[in-house]
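In the text below, chain A, chain B and the rest are named by the order of the sequence lines, each starting its count at 1.
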Amino acid sequence: MEAVFLIFVFVLAIFLGFELISKVPSTLHTPLMSGSNAISGITLIGALASLKSDNVQVAVILGTLAVALATVNVVGGYAVTNRMLEMFKKKDGGAK
Amino acid sequence: MSSMTLGINFTYIISAIMFIIGLKMLSSPATARRGNLLSAAGMLLAIVVCLMNAGLDYKWILVGMAIGTVIGLIAAYKVEMTSMPEMVALFNGFGGISSLLLAWSEYHQHPELSVFLAVVTFLSAFIGGVTFSGSMIAFGKLAEKIPSKAVVFTGQHIVNALILLVAVGSGIMFAMNSADNYTLFLVVVGVSLIFGVTSVIPIGGADMPVVISLLNSYSGIAACAAGFVVNNTLLIVAGALVGASGIILTKIMCKAMNRSLSNVLFSGFGAKPQAKGAAGPQGEIRPATAEDVYYILEAADTVAIVPGYGLAVAQAQHVVCELGELLEKNGTEVMYAIHPVAGRMPGHMNVLLAEANVPYDQLVEMDDINPKMETVDVCVVIGANDVVNPAAIDDESSPIYGMPIIETHRAKTVIVLKRSMNPGFAGIQNALFFNENTRMYFGDAKVAIQALVAEFKSGD
């Protein structure tokens, strides 16, 4: 039953994703990609939650690596997206 | 479920909502930045709340997160805007491998899995591995650390099919009995890494926008599978959102090249020179000097600049913007017409021009400029070739026939800035260069435009 519930969530989220993204203009495709890429670093949450203090050594090593690499994905992804989006300015907007 | 876990799970719902609204806000340049920050805040919230789980190994979490944050920040602030595609590929690969490692670590702790859990563990590891090694190859090609040309050999499809078959076979056997099949899991990991390499090497440089979009989608799906492994709905929702967005971008890119996804992935486009009769269109070209171009531009009322990958290679975005500003001061209407697949990733040109302070309302999409092309006095094509090749419209034998292009040949005058007469990526000669209303202006994009800027300044 649990599996069915999770698959149900998954299917709904896929449809939601299609709806959300098809409205993004091509001007913003690169930030969209790096921004959604940062979201895919969500594995970090799973990696954190599975890094338990009673894990055996191999699992600790794998878990720590997973945390480190997912953090690069999350932090780097959001930072670089923000850097790009800062540059998008309207004409004579004068912002910044 | 304790009240603590319940609280944590409720907060995950808030995070998911922040991701969704954040993505929605990305659909307009005016709100995009806030949208990204909102999404980042959602991620931060999820991380903080997740750390409240009981029994975590904080020492190693701290080590992992500290290392990751430092690397991520340095990379994000050091990277040149022209190198953005390879940066995204690299980050993407890291996301993929962390899904693989997470599945592995979970399996190592609890090797006795139900069939469902074994299947999702397999998927998380396999897709994560393909994402990682595929992204690394894409990174290497984009950064030109390895040849960006398509690498093809006979029997390639058979090799790939065999690899995939081994993967699926191991996956099924693993799902039947995960507890006694640790070695099989390692085989899956190895095969996934190999498959990532063999599936991306046959794809050439100019098809990279498609590949990056696709790998982006994979990394989302890998995160999703990891969510099934650790039974976490936030991973499933966020992963599915990314998976869907990557698929949509892939579809848009394929459409912009008038090719099917399977054609991009399997054809090794551009690997072999086009064996076309008598080297395609021939004729007389009309070279122009900086001074000639200056007079043409000076007299124009509307100018459309069409940038391509050559602009990125020459790092010419800042001088191009300077030229645009000088033209505007001269009373000329300036716009930038951008083909969806110009550059090495979707929207690459837009980011470069934004970096050079071109306001985003001057960036025009292909479908908006084509209908009014006749009214454009001068099109300046900078480092683009295939995306302005009229053969896509009128030459049925051309490999790019049917691909939508920016129809610069219908403008009153076209100036093509190119380093030499070498054909573009697809190895196809471009009839545009021989048109009567075309002037060829040879040189490195940056140097050549600097010369134009100098002409304008001395002309005042």
Side-chain angles (χ1 to χ4, degrees), chain A residues 3 6 9-10 13-14 17-18 20-24 26-30 32-37 39-43 45-53 55 58-60 62-82 84-85 87-91, chain B residues 19 23-24 26-27 29 32-33 36 40 46 50 53 55 57 60-61 64-65 67-69 71-72 75-76 88 91-92 94-95 97-99 101-102 104-105 108-109 116 216 219-220 223 226 230 232-233 235-238 240-242 244-245 248 340 346-347 350-351 354-355 359-361 363:
Chain A
L6 292 178
V9 170
F10 167 70
I14 288 269
F18 281 142
L20 281 175
I21 309 299
S22 30
K23 296 191 182 76
V24 176
S26 65
T27 311
L28 289 172
H29 277 165
T30 297
L32 167 71
M33 191 167 267
S34 71
S36 63
N37 184 10
I39 296 180
S40 76
I42 189 73
T43 316
I45 303 299
L48 290 175
S50 74
L51 201 49
K52 299 261 169 50
S53 46
N55 279 9
V58 177
V60 170
L62 294 171
T64 308
L65 271 176
V67 167
L69 292 164
T71 309
V72 174
N73 189 193
V74 168
V75 175
Y78 280 120
V80 91
T81 310
N82 187 52
M84 271 190 270
L85 289 172
M87 301 180 316
F88 279 87
K89 285 182 221 93
K90 226 179 149 71
K91 197 170 190 179
Chain B
F19 291 151
L23 277 176
K24 198 174 158 57
L26 267 181
S27 57
R33 189 165 172 231
N36 183 54
C50 177
N53 272 305
D57 190 345
W60 288 110
I61 285 178
M65 289 193 74
I67 296 174
T69 306
I71 297 177
V88 172
F91 286 156
N92 201 41
F94 287 173
I97 190 117
S98 68
S99 296
L101 292 169
L102 173 57
W104 189 349
S105 143
H108 193 89
Q109 276 301 121
F116 177 74
N216 191 36
S219 75
V230 295
N232 184 322
T233 36
L235 263 70
I236 296 177
V237 171
L241 290 175
V242 178
S245 98
I248 292 213
N350 304 76
V351 169
E355 185 198 10
Y360 60 76
D361 27 15
L363 308 178

Does any donor atom in the side chain of A:S26 or B:N350 lie under 3.5 Å from an acceptor atom in the other side chain?
->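 Note: A:S26 and B:N350 side chains miss the donor-acceptor criterion.
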Interface moiety of [X] toward chain A, non-hydrogen atoms closer than 4.5 Å:
{"X": "B:N92", "result": "both"}
{"X": "B:P340", "result": "neither"}
{"X": "B:N232", "result": "side chain"}

Separation of A:L32 CG from B:L26 CG (nearest 0.5 Å) |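 Result: 6.0 Å between the selected atoms.
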From A:L85 atom CG to B:N36 atom CG, the distance as rounded to the nearest 0.5 Å |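 The distance works out to 5.5 Å.
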How far apart are the closest heavy atoms of [X] and [Y], and which atoms are they?
{"X": "A:T43", "Y": "B:A226", "result": "CG2-CB, 4.3 Å"}
{"X": "B:S245", "Y": "A:I21", "result": "CB-CG1, 3.2 Å"}
{"X": "A:S50", "Y": "B:S105", "result": "OG-OG, 4.4 Å"}
{"X": "B:L102", "Y": "A:A66", "result": "N-CB, 4.1 Å"}

By a 4.5 Å heavy-atom criterion (distance strictly below it), what part of A:L28 contacts chain B: side chain, backbone, both, or neither?
->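 For A:L28, side-chain heavy atoms alone lie under 4.5 Å from chain B.
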Given a strict heavy-atom distance threshold of 4.5 Å, which part of A:L20 is in contact with chain B: side chain, backbone, both, or neither?
->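 Answer is side chain: those atoms of A:L20 sit under 4.5 Å from chain B.
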Any donor and acceptor pair, going by atom type alone, linking the side chain of A:T30 with main-chain N or O of B:G347 inside 3.5 Å?
->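 Present.
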